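Notes for the one structure printed next.
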Amino acid sequence: MKTRSIVFRQHGPPPAVAHLETRELPSPGPGEVLVEMLFAPIHPADLNTIEGTYARKPNLENGAVPGGEGFGRITELGSAVENFEPGQTVLIPSGVGAWSEACLVPADSLVAAPPGVAPEQAAMLRVNPATAFRMLADFEALQPGDWVLQNAANSAVGRAVIQIARHRGLKTLNVVRRPELADELRAIGADAVLLEGEDLASQIPAACGGAPLRLALNAVGGESALRLAKVLAPGGTLVTYGAMARQPMRIPNGLLIFQDLRWRGFWMTRWYEQARPETVAAMFAELFEMARQGALWTPVEQVFPLEQIEPALIRAAEGRRSGKILLRP
Ligand SMILES: NC(=O)c1ccc[n+]([C@@H]2O[C@H](COP(=O)([O-])OP(=O)(O)OC[C@H]3O[C@@H](n4cnc5c(N)ncnc54)[C@H](OP(=O)(O)O)[C@@H]3O)[C@@H](O)[C@H]2O)c1
């Protein structure tokens, strides 16, 4: 069958190198399913993949289809597919190219999406809320009432951190670079919202009542990461999962010698590659349930058809958005 997909054949600025093309898609092979795509977000990692700056580089010989996650409906099964049926809605993993009208996906990499979750929200669940979920669970043994510190708190990951932390009885200290976001973040459960800047350390004790901070989540890098690290409790952990400022981190020796801080990193892609299926299933059961209840929700600024890929990519790369940019193939 023929399908229309966003394709890039060389690395470069996404709006310049990614275009809509019609491609031939073979029938699903053994263990594969054909999925009609309904929604797919544009994430920073998608832009970095097209630019050629992401950790994994796709093979560009026949062009690559971007799109690290998405939501679609199964339309055809290959042989030896047992756990899925045509008509079922699913989440698409990274690596198959979600920015397409249809794609072929190994059935064992799909996550079945239950009814009751808005398709736009389901399309964004596999990367950002899952990242927030893992970072809150896997680095420090936090107890209800404990505080978590994060920067880029209004990002999709940051908002999921706020919502999942609240669900678990954890409290969040949220650093943003735009003061106008404070009320919005408090409305979804942020306990304190602080403005990025030199005087962060002086604001923290009053904001969290002097409680020790054992976990900080960093999506910015550079000076912002250092400001988080400086207020961590001795032995605390700074988890770096993003680098929005594209600035390296400087680690003062004293923070390691005298504070014994743990400087860790997290990559969702690797987690999925190594996780046990039952652990993945348990995480999605909780994320879907929260999404179904409206307790986990990512704002969407605008939805574009594939034909409008250029303005969609331009907007997705800009700061100060009110939410995610989605494609509706
Ligand atoms: N390691 C992993 O497995 C993993 C998984 C998911 C996401 N991530 C990473 O997490 C980060 C956030 O992703 P997302 O999809 O949640 O983002 P998003 O919703 O697209 O939001 C981007 C965020 O970055 C902020 N920002 C942009 N440029 C900045 C700069 N120069 N300095 C400081 N802040 C800046 C924005 O602030 P304004 O709104 O004020 O512009 C906004 O809060 C990205 O780096 C992404 O690659 C990593």
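Atoms within each ligand, like the ligands themselves, are counted from 1 in listed order. None of the values given here were measured: they were computed from a predicted structure.
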Over 12 non-hydrogen atoms of neighbours within 6.0 angstrom of CD in Glu61: no
CA sep, side-chain torsions, deciding dist, call: His43, Lys324, side chain to side chain donor-acceptor pair (under 3.5 Å): CA-CA 8 Å; His43 288 315; Lys324 277 287 175 192; 3.0 Å; yes
Glu101/Arg23 salt bridge by N-O under 4.0 Å criterion: no
Any N or O of Arg177 closer than 3.5 Å to N or O of ligand 1: yes
Sidechain-backbone polar pair: Asp199 side chain, Ser202 backbone, donor-acceptor under 3.5 Å: no
Lys/Arg N to Asp/Glu carboxylate O, Arg227 vs Glu198, below 4.0 Å: yes
For Gly319, the ligand 1 atoms whose distance to one of its heavy atoms is below 4.0 Å: 41 (O)
Heavy-atom nearest neighbour in the protein, as seen from atom 44 (C) of ligand 1, with distance rounded to 0.1 Å: Met244 SD, 3.4 Å
Close-contact set for ligand 1 against Met268 heavy atoms, below 4.0 Å: 2 (C), 3 (O)
Backbone or side-chain N or O of Gly242 under 3.5 Å from ligand 1 N or O: no
Any N or O of Ala156 closer than 3.5 Å to N or O of ligand 1: yes
Electrostatic pair Arg214:Glu140 at N-O distance under 4.0 angstrom: yes
Atom indices of ligand 1 within 4.0 angstrom of Val220 heavy atoms, with elements: 32 (N), 33 (C), 34 (N)
Closest protein heavy atom to atom 42 (C) of ligand 1, given as residue, atom name and distance to 0.1 Å: Asn154 OD1, 3.8 Å
Of the listed options Arg321, Arg178, Arg320, closest to atom 41 (O) of ligand 1 (non-hydrogen atoms): Arg320
Salt bridge present between Lys230 and Glu223 (N-O < 4.0 angstrom): no
The one among Tyr54, Tyr272, Tyr241, Trp267 that brings a heavy atom closest to atom 8 (N) of ligand 1: Tyr241
Atom 15 (O) of ligand 1: nearest protein contact (heavy atom, Å): Lys324 NZ, 2.7 Å
Residues Arg292 and Glu289 bridged, charged N to O under 4.0 Å: yes
Within-cut-off N or O pair, Asn128 and ligand 1, under 3.5 Å: yes
Pro44 N/O under 3.5 Å from ligand 1 N/O: no
Protein heavy atom at shortest distance from atom 21 (O) of ligand 1: Ser155 CB, 3.5 Å
Ligand 1 N/O within reach of Phe266 N/O, cut-off under 3.5 Å: yes
Protein residue, atom and distance nearest to atom 5 (C) of ligand 1, heavy-atom basis: Thr131 OG1, 3.1 Å
Flag for Asp146-Gln143: side-chain donor and acceptor within less than 3.5 Å: no
Ala243: numbered ligand 1 atoms lying under 4.0 Å from its heavy atoms: 45 (O)
Side chains of Glu196 and Ser224, donor plus acceptor under 3.5 Å: yes
For Val157, atoms of ligand 1 separated by under 4.0 Å from a heavy atom: 6 (C), 7 (C), 16 (O)
Proximity to ligand 1 by part of Arg246, non-hydrogen separation under 4.0 Å: neither
Neighbour count above 12 (heavy atom, 6.0 Å) for Arg321 CZ: yes
Basic-acidic side-chain contact under 4.0 Å: Arg4, Glu21: no
